[in-house]
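What follows is a short report on a single structure.
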Amino acid sequence: MSGFVGILVSDPWLQNQFTQVELRSLKSHFTSMKRESGKLTVSDLASRMGKSKIVGDQNLSKEERATLIQNFHPNLNDEVDFEFYLRIYLNLQAHVNAIIGSGVKNSSAFLKAATTTLLHTISDSEKSSYVAHINNYLSEDEFLKKCLPINPSSNDLFEVAKDGVLLCKLINVAVPGTIDERAINTKSMLNPWERNENHTLCLNSAKAIGCTVVNIGTQDIIEGRRHLVLGVISQIIKIQLLADLNLKKTPQLVELVGDSKDVEELMSLPPEKILLRWMNFQLKKTEYKKTVSNFSSDVKDAEAYTNLLNVLAPEHKNPSNVIVKNTFERAKHVLEHADRMGCRRYLTAKDIVEGSPNLNLAFVAHIFQHRNGLSTQTKQISFLETLADDIQISREEKSFRFWINSFDSSVYINNVFEDLRDGWILLQTLDKVSPSIVNWKIASKPPIKLPFKKVENCNQVVKLGKQLKFSLVNIAGNDIVQGNKKLILAYLWQLMRYNILQLLKNLRFHSNGKEITDVDILEWANAKVRKNGSQTRMYSFRDKSLSDGIFFLELLSSVQPRAVNWSLVTNGVTDEEKKMNATYVISIARKLGCSIFLLPEDIIEVNQKMMLTLTASIMYWTLKQPLELIKPTGSPDSHSGSILDDSTSDSSLE
């Protein structure tokens, strides 16, 4: 449920050239340029654009830029508006791309941040590696085997990905069960509507497993924008490769730490950091004295790899490795050693010596999956028994983390209990949800060394929560600084709830600007289902009858009659039938365009918080749609009347 975005440009052609994130970033840049003197003329552009990293100031001199702009628009005194600026931007981009072509050395990142730089380049090595991964894991898929294996030296990957099926299937490889494959459109010839549904399902599901996709839309996949498609693929594969880097999947990781306090710290680390810690733990068993702190410059000489593989698989050790002085040859020996271990490569010797961070990370992660060298019976595992394994807390933490990361934010969080403790990201999220509410003059930006500055940030977080009428009894800023789990989750739930209610309120042609309540959402859902001819009813967001998923399927069918294939729906009696329906509900909602962060278990167990956000997301999606797209032929206007009256009932969540 990212924030409500208005139309930044009216020209449809320009809209198709940029993602929403790129437009917002360029709009911010344009506004700051204009602010310098109150207006912006063509003659000002060359110098002012050169100050921004967004536009290619490193590839064009000021004089070259000025010449290109003058050739495009000779009248230098004309005032520049935003759409004119975008056309200038595209012309400069095209010129620089024509000069540089594909020769730029630049490996694509795992898309932790928005892609708004001038040059969108991809690494052929990364593309080849990811293609090999796809060929390996999806080769037996009934639908995809007609187009697999993909040639890694071609751009066929981006053609195959255009219908959205491959990306959906890859998500299920990374996190099994994320997408109900019954919801994927898999006809041999998909029409544009069906293809768009697959893309929407893919992107919403990618967000739900932790990918950052704020800068990519369905049109980008249709057009095969390579840097964006490869960015999503790389994130999905990374999530798969790092899936075992946690204590739940690999409890033997406690061998890396000394006591229960260190275990808690280990649990809060992102998987990349745990992988580095594991690598250094194994290297301490060798004569290698350096500490590896990254997957790039620290492994370029292949010495760390040589020692790591020797300690993990000494039976495959090649004594000549010790005396190999040539770095490239040493890297080749490392890969031969990995082959003898049965580890797929993910990279070449060239990738090692050039320090490709993504491929080196993938290589080490695969080694960990194949042979981690940790004890299967260690006394330290008893530490885990002293830690509270609250499944509900873990599930809610993940939902709120992915929700925060779905915003266009400069920082990616890995653990809400650790990464929110200085208050800064909470202030950023509050500003997204309620623009201009934060007093940035009294906020401290990380890194924050003084503890009282963190408390000040968190005090403002609490103050703003009370301003937004959150229930914050006995919550102080210091509770957030101390990482109090239950209080942080309580705050985040109210922030998420406020966000969706505001999104609904902002649809003024339905709400008339009045506050939307939980009761309004409940009654709207019941009215939609009733109007569709069903007797199913939801009495509250705690209604245990919701566990079979039938009501939500009825609701989805009422807002989009073609959405649900009723022949695939079960009676929802047994646990297995309930799970099948719940998975189908989530996938259909995401396929329509709902950005939701819940698991099938949330429906089966009737988690009232998630029941509210699911219903509200369906309501928000419905009210945004043009009528002709959502109502069947001959049906009455599904939007007649207004949002129901404000009132109170036991369905309301405080």
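Numbering starts at 1 and runs along the sequence shown.
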Test: Glu159 and Lys162 ion pair at under 4.0 Å: yes
Lys591 side chain to Ala183 main-chain N or O, any donor-acceptor pair under 3.5 Å? yes
Between the main-chain N or O of Ser356 and the side-chain N or O of Asn360, is there a donor-acceptor pair closer than 3.5 Å? yes
Would you please test Lys398 and Leu599 for side chain to side chain contact (heavy atoms under 4.5 Å, CB included) and show each step? CA-CA 10 Å; Lys398 185 183 292 186; Leu599 296 171; 5.5 Å; no
Counting distance only, does the side-chain N/O of Thr200 pair as donor-acceptor with the main-chain N or O of Asn196 below 3.5 Å? yes
Whether the side chain of Glu126 engages the backbone of Gly231 through a donor-acceptor N/O pair (distance < 3.5 Å, no angle test) should be reported. no
Within a strict 4.5 Å, meaning less than it, do heavy atoms of the Ile404 and Leu492 side chains meet? yes
Show the numbers, then the answer: is there a side-chain hydrogen bond (donor to acceptor under 3.5 Å, both in side chains) between Ser125 and Lys350? CA-CA 9 Å; Ser125 291; Lys350 182 172 178 284; 5.3 Å; no
Closest approach of Phe295 to Glu272 (non-hydrogen atoms, all atoms of both residues): CE1-O, 4.1 Å
Check the pair Asn414 / Leu269 against side chain to side chain contact (heavy atoms under 4.5 Å, CB included), numbers first and verdict last. CA-CA 7 Å; Asn414 293 284; Leu269 291 176; over 6 Å; no
Which distance, rounded to the nearest 0.5 Å, do you find between the CD of Gln235 and the CD1 of Ile171? 10.5 Å
How close do Asp339 and Cys343 get, heavy atom to heavy atom, and via which atoms? OD1-O, 3.8 Å
Are the side chains of Glu197 and Trp193 in contact, using a 4.5 Å heavy-atom criterion? yes
Leu148 vs Asp141, side chain to side chain contact (heavy atoms under 4.5 Å, CB included): CA-CA, chis, key distance, verdict: CA-CA 9 Å; Leu148 294 181; Asp141 185 87; 5.7 Å; no
Distance-only, no hydrogens or angles: does the Asn204 side chain make a donor-acceptor pair with backbone N or O of Arg590 under 3.5 Å? yes
Between the CD atom in Glu255 and the OG1 atom in Thr250, the distance rounded to the nearest 0.5 Å is 12.0 Å
Of Val334, Val299, Asn358, which is the lone residue that meets side chain to side chain contact (heavy atoms under 4.5 Å, CB included) with Phe363? Val334
Can you confirm whether Leu241 sits close enough to Phe368 that some side-chain heavy atom of one is under 4.5 Å from a side-chain heavy atom of the other? no
Can any side-chain N or O of Asn185 pair as donor or acceptor with the backbone N or O of Glu194 at less than 3.5 Å? yes
Mind checking the CD1-CD spacing from Ile488 to Glu397? Nearest 0.5 Å is all I need. 10.0 Å
For the pair Asn280 (side chain) and Leu276 (backbone), establish whether a donor and an acceptor sit closer than 3.5 Å, ignoring hydrogens and angles. yes
Between Asp220 (side chain only) and Val229 (backbone N and O only), is there a donor and an acceptor less than 3.5 Å apart? no
Between atom CD of Glu181 and atom NZ of Lys169, what is the distance when rounded to the nearest 0.5 Å? 3.5 Å
Looking at side-chain heavy atoms only, is the closest gap between His133 and His366 below 4.5 Å? no
Heavy-atom check, side chain of Thr570 versus side chain of Tyr584, under 4.5 Å: no
Would you check, one step at a time, whether the test side-chain hydrogen bond (donor to acceptor under 3.5 Å, both in side chains) holds for Asn155 with Arg226? CA-CA 9 Å; Asn155 285 322; Arg226 297 187 299 165; 3.2 Å; yes
So Asp180 and Ile586, do their side chains get closer than 4.5 Å, heavy atoms only? no
Do you know which two heavy atoms are closest between Leu598 and Ile603, and how far apart they sit? CD1-CG1, 4.0 Å
Any chance you could lay out the side chain to side chain contact (heavy atoms under 4.5 Å, CB included) test for Asp244 and Asn372, step after step, and finish with the verdict? CA-CA 10 Å; Asp244 292 342; Asn372 62 40; over 6 Å; no
In Å and rounded to the nearest 0.5 Å, what is the CG to OG1 distance from Asn198 to Thr186? 8.0 Å
Less than 4.5 Å apart, side chain to side chain, heavy atoms only: is that true for Asp602 and Leu614? no
About how many Å separate CD1 of Ile413 and CG of Asn405, when rounded to the nearest 0.5 Å? 5.0 Å
Gly177 and Thr583 have their tightest heavy-atom pair at O-CG2, 3.9 Å
So Thr613 and Phe597, do their side chains get closer than 4.5 Å, heavy atoms only? no
Ignoring hydrogens and geometry, is there a side-chain-to-backbone donor-acceptor pair from Ser547 to Val606 under 3.5 Å? no
Residues, nucleotides or ligands: over 12 heavy atoms within 6.0 Å of Asp575 CG: no
Looking only at heavy atoms, which two atoms of Ala349 and Lys332 are closest? And how far apart? CB-CG, 3.6 Å
Tell me whether Tyr137 contacts the main-chain N or O of Ala174 through its side chain, where contact means a donor paired with an acceptor under 3.5 Å. no
Shortest non-hydrogen separation from Ile179 to Ser205 and the atoms involved: CG1-OG, 3.3 Å
